[in-house]
There are 2 protein chains.
Amino acid sequence: MTKADISLKGTKVQPLKKPRTELEPGARRRKKFDDKRQFILETALSVFSKYGFHGTTIEQIANSADISKTNLFYYFSNKEELYLTILENILNDWLKPITIFEEVDDPEDVLKNYIRLKLELSRDQPEASRLFCLEIIQGAPILKGYLENELKSILQDKSKVIESWVSKGKIKPINPIQLIFFIWSTTQHFADFNVQVKAITGKDLSNKKFFEETCSAIQQLIIDGLKRPRL
Amino acid sequence: MTKADISLKGTKVQPLKKPRTELEPGARRRKKFDDKRQFILETALSVFSKYGFHGTTIEQIANSADISKTNLFYYFSNKEELYLTILENILNDWLKPITIFEEVDDPEDVLKNYIRLKLELSRDQPEASRLFCLEIIQGAPILKGYLENELKSILQDKSKVIESWVSKGKIKPINPIQLIFFIWSTTQHFADFNVQVKAITGKDLSNKKFFEETCSAIQQLIIDGLKRPRL
DNA sequence: ATCTTTTCAGACCAAATGGTCTGTTTTAAA
DNA sequence: TTTAAAACAGACCATTTGGTCTGAAAAGAT
């Protein structure tokens with residue numbers, strides 16, 4: 001299994017899925033198997049994101065998923081495979097938002113949209129965000145190759161879009177990578193540092209008002225901070 | 001040991017320290033003891049910040065510090081005490097920068113200064129930053145009380161300063177807490193996600209040019225984003 | 001209903017790891 | 001130089017934990 005291969009497994013698209021009649025042999029079993037595997041993955045993400053790889057016990061995960069340790073090993077041959085599969089799955093969702101960076105569009109629209117999408121991710125997948133953060137902090141032993149290749153080339157691509165905005169005078173000059181980092185850090189902050197945010201504000205992104213307030217605060221700062229020349 | 005008590009231990013200020021003549025009995029021994037303890041703490045911070053609490057072995061730390069496991073236990077009675085002491089030490093440095101928020105001053109100066117100080121911390125103490133981040137991500141089991149009390153009240157205090165700027169029309173209306181979060185996240189990003197930053201840009205805050213570029217990018221974005229009314 | 005394959009559980013194992021016990025060496029004070 | 005306390009090391013211990021082995025229960029296909 002290579003690090004670059006980040007395709008979801010076990011989610012083969014069924015042609016039709018006839019409701020009650022017999023399907024091809026083994027299909028029912030496969031589905032049940034895949035479903036349970038998926039369930040374990042979700043449970044494990046939740047635990048891993050709380051305690052980290054080393055801090056998490058296989059038994060903890062098994063208990064959370066209400067199965068025996070042995071049963072878990074029936075679905076995943078070892079702890080690392082389980083952890084790896086989770087990380088792979090996360091990466092997929094992770095880069096979807098950035099595809100909206102397109103040259104033709106208006107910077108303000110694109111940026112506003114992107115910020116919102118990232119913030120929604122922080123709201124809806126905070127555990128994934130934290131697991132990702134844990135991985136990076138600890139030196140990205142697994143994802144390093146991915147960062148240096150796939151991610152880097154995607155960012156270089158999107159940088160060109162931002163640069164074209166600059167050269168057309170649509171936004172103030174700024175290092176495109178820096179801009180992307182700003183958006184990432186400010187949005188992910190509300191997932192990764194969720195505990196701190198909650199301790200201080202008493203609120204959460206799951207609070208609709210707080211979400212909107214945060215979203216527009218970030219949008220405003222960045223949009224206005226990028227407004228054309230200089231006052 | 002309460003969580004609120006975050007005083008440095010083992011750094012009692014010596015009145016004078018006569019160079020070679022006899023000092024009070026036991027002083028030499030105490031200093032040697034304290035120095036070695038400090039050295040172990042620094043080594044341990046480095047290891048803990050890489051692998052987290054659970055991922056770190058006492059033996060790893062001992063090896064890194066070039067002492068025996070037994071010897072380490074002579075200086076710290078157990079793993080938790082070692083970890084706790086490190087966290088306490090970190091917190092002290094952590095809040096120094098925020099004290100510069102004072103009402104009388106010009107917002108632009110204060111904010112620029114604060115951003116620079118925080119970014120310097122990210123450059124000079126990235127390991128401390130990452131350990132702090134690890135702690136928060138995992139639910140801040142140790143620091144939660146501190147966040148909800150000390151930190152919260154400090155922030156409420158500083159919020160008033162920012163609010164006064166707003167009401168005087170010196171900056172555009174913004175939620176003060178959000179502004180502070182914005183600064184924290186963008187500056188700490190370069191310590192916590194250092195690996196990612198390096199993978200993509202090839203650079204680091206230790207690179208002087210990159211540091212200055214980053215610093216002024218953040219400063220500009222925030223200052224300009226807060227400029228008076230609205231274009 | 002039967003039978004074969006899949007799914008699952010309990011007992012068990014070996015390695016890793018936090019921590020202790022005992023005793024030796026080093027060091028500073030006298 | 002002597003001596004008592006401090007600093008240190010190696011063997012050892014108990015627990016935790018990832019992972020296996022054997023066999024029983026469940027379930028789909030016929």
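Owing to the predicted nature of the structure, the values given are computational and were not obtained by experimental measurement. Each chain gets a letter, A, B and so on, in the order the sequences are listed, and its residues count up from 1.
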(request) Taking B:Gln125 for its side chain and B:Leu121 for its backbone only, find out whether a donor-acceptor pair lies under 3.5 Å. (result) no

(request) Using atom CG of B:Leu72 as one end and atom P of D:dC8 as the other, report the distance to the nearest whole Å. (result) 11 Å

(request) Measure the distance from OH on A:Tyr74 to P on D:dA25 and round it to the nearest whole Å. (result) 18 Å

(message) Whole angstroms only, please: what is the CD-P distance between A:Gln60 and D:dT17?
(response) 8 Å

(message) Whole angstroms only, please: what is the NZ-C1' distance between A:Lys31 and D:dA29?
(response) 20 Å

(message) I need the CD1-P distance between A:Ile61 and D:dG18, as an integer number of Å.
(response) 8 Å

Please write out each protein N/O paired with an N/O of nucleotides 1-5 of chain C under 3.5 Å, distance rounded to 0.1 Å.
none

(request) Examine A:Tyr75 together with A:Phe33 and report whether their ring centres are nearer than 6.0 Å. (result) yes

(request) Please work out if B:Phe76 contacts a base, only the sugar-phosphate, or nothing of the nucleic acid, heavy-atom cut-off 4.0 Å. (result) nothing

(request) Consider only side-chain N and O atoms of B:Ser46 and B:Glu127, and report whether a donor and an acceptor are under 3.5 Å apart. (result) yes

(message) One thing to verify: whether A:Glu212 and A:Arg116 come together as a salt bridge, which I'm taking to mean a side-chain N less than 4.0 angstrom from a carboxylate O.
(response) yes

(message) Just the rounded figure in Å: distance from C1' of D:dG19 to CD1 of A:Ile67.
(response) 15 Å

(request) Give, for atom OG of B:Ser206 and atom CG of B:Asp124, the distance between the pair rounded to the nearest 0.5 Å. (result) 10.0 Å

(message) Expressed as a whole number of angstroms, how long is the span from A:Arg28:CZ to D:dT30:C1'?
(response) 14 Å

(request) Show your reasoning for whether salt bridge (charged side-chain N to carboxylate O under 4.0 Å, His left out) applies to A:Asp93 and A:Lys96. (result) CA-CA 6 Å; A:Asp93 297 334; A:Lys96 274 179 201 153; 3.2 Å; yes

(message) Using a strict threshold of under 4.0 Å (side-chain N to carboxylate O), is an ion pair present between A:Glu102 and A:Lys158?
(response) yes

(message) With a 4.0 Å cutoff (strictly under), does any side-chain N or O of B:Tyr75 reach OP1 or OP2 of D:dC8?
(response) yes

Could I get a table of every N or O pair under 3.5 Å where one atom is in the protein and the other is in nucleotides 18-20 of chain C?
| unit_1 | atom_1 | unit_2 | atom_2 | d |
| --- | --- | --- | --- | --- |
| C:dG18 | OP1 | B:Thr56 | O | 3.3 |
| C:dG18 | OP1 | B:Lys79 | NZ | 3.1 |
| C:dG18 | OP2 | B:Ile58 | N | 3.0 |
| C:dG18 | N7 | B:Lys69 | NZ | 3.4 |
| C:dG19 | OP2 | B:Lys79 | N | 2.8 |
| C:dG19 | N7 | B:Lys69 | NZ | 3.3 |
| C:dG19 | O6 | B:Lys69 | NZ | 2.9 |

(message) Go through it in stages, so that I can follow the logic: the residues are B:Arg30 and B:Asp34, the test is salt bridge (charged side-chain N to carboxylate O under 4.0 Å, His left out), and I'd like the CA-CA distance, side-chain angles, deciding distance and then a yes or no.
(response) CA-CA 6 Å; B:Arg30 247 208 318 282; B:Asp34 290 344; 5.4 Å; no

(message) If only side-chain N and O atoms count, and only distance matters, is there a donor-acceptor pair under 3.5 Å linking B:Tyr114 with B:Gln219?
(response) no

(request) Rounded off to whole Å, could you give me the CZ-to-P distance for the B:Arg30 and D:dA7 pair? (result) 12 Å

(request) Please determine if a side-chain N or O atom of A:Asn71 lies less than 4.0 Å away from the OP1 or OP2 oxygen of C:dA9. (result) yes

